[in-house]
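Below, read A as the first sequence line, B as the second, and so on, with proteins coming before strands; counting in each chain starts at 1. Treat the numbers as computed from the prediction; the structure is a model and nothing was measured. Quick note: numbers below take in every heavy atom, side chains included, and nothing from hydrogens, waters or symmetry partners.
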Amino acid sequence: MNIAVCVKQVPDTETRIKLTDDHKAVNEDDINFILNPYDEFAVEEALQLKEKNDGEVTIISLGPDRVTSAIRSALAMGADKAIHIKAEQHPADPAVTAEALAAVLKEGNYDLILLGKQAIDDDHTQMASLLAEELDLPAVTVVIKLDIEGDKITAEREIDGAHEVVECSLPAIIAAQRGLNEPRYASLKGIMRAKKIQIEAKEMSLADGQLEIVEFNYPPQKSAGKIVGDSADAVPELLRLLHEEAKVI
Amino acid sequence: MSKNVKPSFSKALFSGVLLDELVFPYPEMDKEEKENFELMRESFKKFAQDKIDSEKIDKEAQIPQEIIDEMKELGLFGMIIPEEYDGFGFSTTAYVKMLEAVTEQDPSVALTLGAHQSIGLKALLMFGTEEQKKKYLPKLATGEMIAAYCLTEPGAGSDAAGIKTRAVRDEKKGVYVLNGSKIWITNGGIADFFTVFAKEPIADTKGDEHDKISAFIVTRDMPGVSSGKEEDKLGIKGSSTTEVFFDNVEVPFENLLGQRGKGFKVAMEVLNSGRLGLAGGTLGGIRKVLKDAMDHITQREQFRKKLAEFELIKKKVSQIAVDMFAAESMIYLTTAMIDRGDVDYSLESAMCKIKATEVGWESINECLQMVGGLGYMNEYPFQRALRDVRINPIFEGTNEILRLFIALAGMQERGEYLKKIGGALKDPIKGFGLLTDYATEWVVNRVTTERIRDVHPSLTKAKADFENWAKNLHFAAERVLIHYGKNIIYREMVSERLANAAIDLYGMIATISRVDTLIKKKGEEKCQREIQLCNAFAEQAWRRIRRNLLMTDKNIDKDLKEIAEFMTEEKQYPFETE
């Protein structure tokens, strides 16, 4: 099985995000970048499918030079090949990324395209659907269980309060949700092996996007806690505040 | 000057020579290795956060076998073993940084890996024959065999001359017959590969036999090898610590490590390079606890202020940062010295171990203090961190013995230079158990240089202080040598002060070099914090140095010794108010 996994490099979830002075971008100094956690599930699934059915796993990522370290992470887990679509930065408009990825995916003739359900930095959650449109393929998103028999895919999706089971046939696009599998940890052996793999660099002129980032803002400071009372009398007021102000119930 | 003697920054320092080419510019990791290391660190962090439960490891006093097995899969047992023997060929720098990352997650786990690679298999790596390496290193790299370093005995700790384990050659069988026991052996209960130091009678040129120490490879499958029960320890409870017994163990001649009778040298060189793992690991231990403490002080309020806003809390937090910065600078300057291979790093290695382990104890203790009563509760991890870090100033050479080593080995060269006492000085120091076997004399013909190269203007004051107090250390050492002569080995309080001054000087030069190099790379503006840390350390350090050196001449050592002797007779505190 010929599998492609589209991955994105994102800031580590533990990184404290600082903005540039003009608030138009994230200040990348001192940021630790990682492979998008949802993409790890996609890589793991690809590797398991490869182990079961033979084949090859190709990692594809778009972005500046630094994204090669995320590609290396995926290779270190056990992927075979990698393509780096060079770009000065990640486009603000996911459609631009989708178009570029699609161009590369078309050349590869893949049986299956996997990716994370969303990137944890800009959270657009659009890539699977955009690629489906570009490539005219079925896409199944938020997948927590995947079975492939011959050409037939059975995928279980996580939807609000329930699971949905859908079927489609290869080739298709699958967007992984947490729970799909337990990603393996890169071993030193895998890391050394990955070092020897040449990452194919692709220069490509990207389309102009239709979205523009106007401004980033820090999340509001958490306000101090409030003590409503210390007896059962305070419960109604607490409920009201939790419902109306905090909006958690 | 003998040809094989390698230059030592700190030994030269005692002699008034500043070998700044050994410490400038501050070393940087090889780019490719850095990438490998960072990938591995990331991968291990994920693994640890998913799988390692430090509270459980501490409570059950055992690391679950699945964790050990998975770490073998990850390749963590073969980090420092060269690729040609199926390892991953990490430099000392990358290896120590990895141990730092592992300790941050769990000190018992780090110690298991550290005892295996920093000391357990290190003698094989440094002194083994090609056949020995081919036979064992691949198995050690995968963790199929786990290694332990067996030096300490009931009667022999820092004083290796007290070793009672004996090896007797049986020429007919072609084996050494090994008898004796070793105590407090890390990995003792789980190891399959033991580096064992034992005494064997060796004839000198006249044919007289003397007991000399030799090193041997002993494996678990040899009949007569056994381990005692797991020790119940204060901390690092998950790591295995046992007695190891050798009862008529037949060790083939080919398992001799290094030359016959040269086991001393083997033991020392292994420890010299191995100590860095412990030093680096300690930093990781602080990192973890500090994060927990910072969470607390940025949340808890008293008098309507966050704890972090109080000046006495700020003092603690900044002191931890200053000390960690200095210790870190020293450690990774020294690991690079080990990796370049052409420098004598024995003193620096001891300095890093002392500095890091004391900073570790103090910083973790201060973190516990910052969180107050909560830190004392077993429900929180602070007490565990304090228990775990407490061993560090004790093992791999107590900090006391290492201070004496630093001072005496530092002065040894100067002693030689001062011919009038040179001969008198050398023998007693050489008789000082474990600590010697170091070549000397190499700086003898160097002209005293009191200046180091120019550094960035923001560090000029620190540099000038370094130069000034380096000169003063040299003068103090010389005064001490002339005053005490060979008796300096009995003036431990004097030696300790010189060692402390030397450690601070090494800390100063390491931070200056690090920040100066960083400014060259990033520009002054981006290094403001580092400049501040460097200058803060330098200010604190030279004041400590001044105090230590002033006390070379003016002190109350005599009174203190008399009080101690009185107490020793009384064996208790015999006073009470009227």
Show the pairs of one donor and one acceptor atom, one from chain B and one from chain A, lying under 3.5 Å apart.
residue  : atom : partner  : partner atom : Å
B:Glu35  : OE1  : A:Lys195 : NZ           : 2.6
B:Ser43  : OG   : A:Ala186 : N            : 3.0
B:Ser43  : OG   : A:Ala186 : O            : 2.5
B:Lys45  : NZ   : A:Glu14  : OE1          : 3.1
B:Lys46  : NZ   : A:Glu40  : OE2          : 2.6
B:Asp50  : OD2  : A:Tyr185 : OH           : 2.7
B:Leu74  : O    : A:Leu188 : N            : 2.8
B:Lys526 : NZ   : A:Asp29  : OD2          : 3.3

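Judged as a ring pair (Phe, Tyr, Trp, His ring centres under 6.0 Å), and not counting sequence neighbours, the contacts of B:Phe193 are B:Tyr136.
Within 6.0 Å of the NZ atom in B:Lys139, the count of heavy atoms belonging to other residues, nucleotides or ligands does not exceed 12. No more than 12 heavy atoms of other residues, nucleotides or ligands shown are found within 6.0 angstrom of CD1 on A:Ile227.
Only the side chain of B:Phe90 comes within less than 4.5 Å of a heavy atom in chain A; its backbone stays farther off. At a 4.5 Å heavy-atom cutoff, A:Leu35 makes no contact with chain B through either its backbone or its side chain.
For the options A:Gly190, A:Ala194, A:Ala186, A:Ala76, heavy-atom pairs under 4.5 Å to chain B are most numerous at A:Ala186.
When side chains are defined from C-beta on, B:Phe88 does not count as touching A:Ile191, because their heavy atoms never get closer than 4.5 Å.
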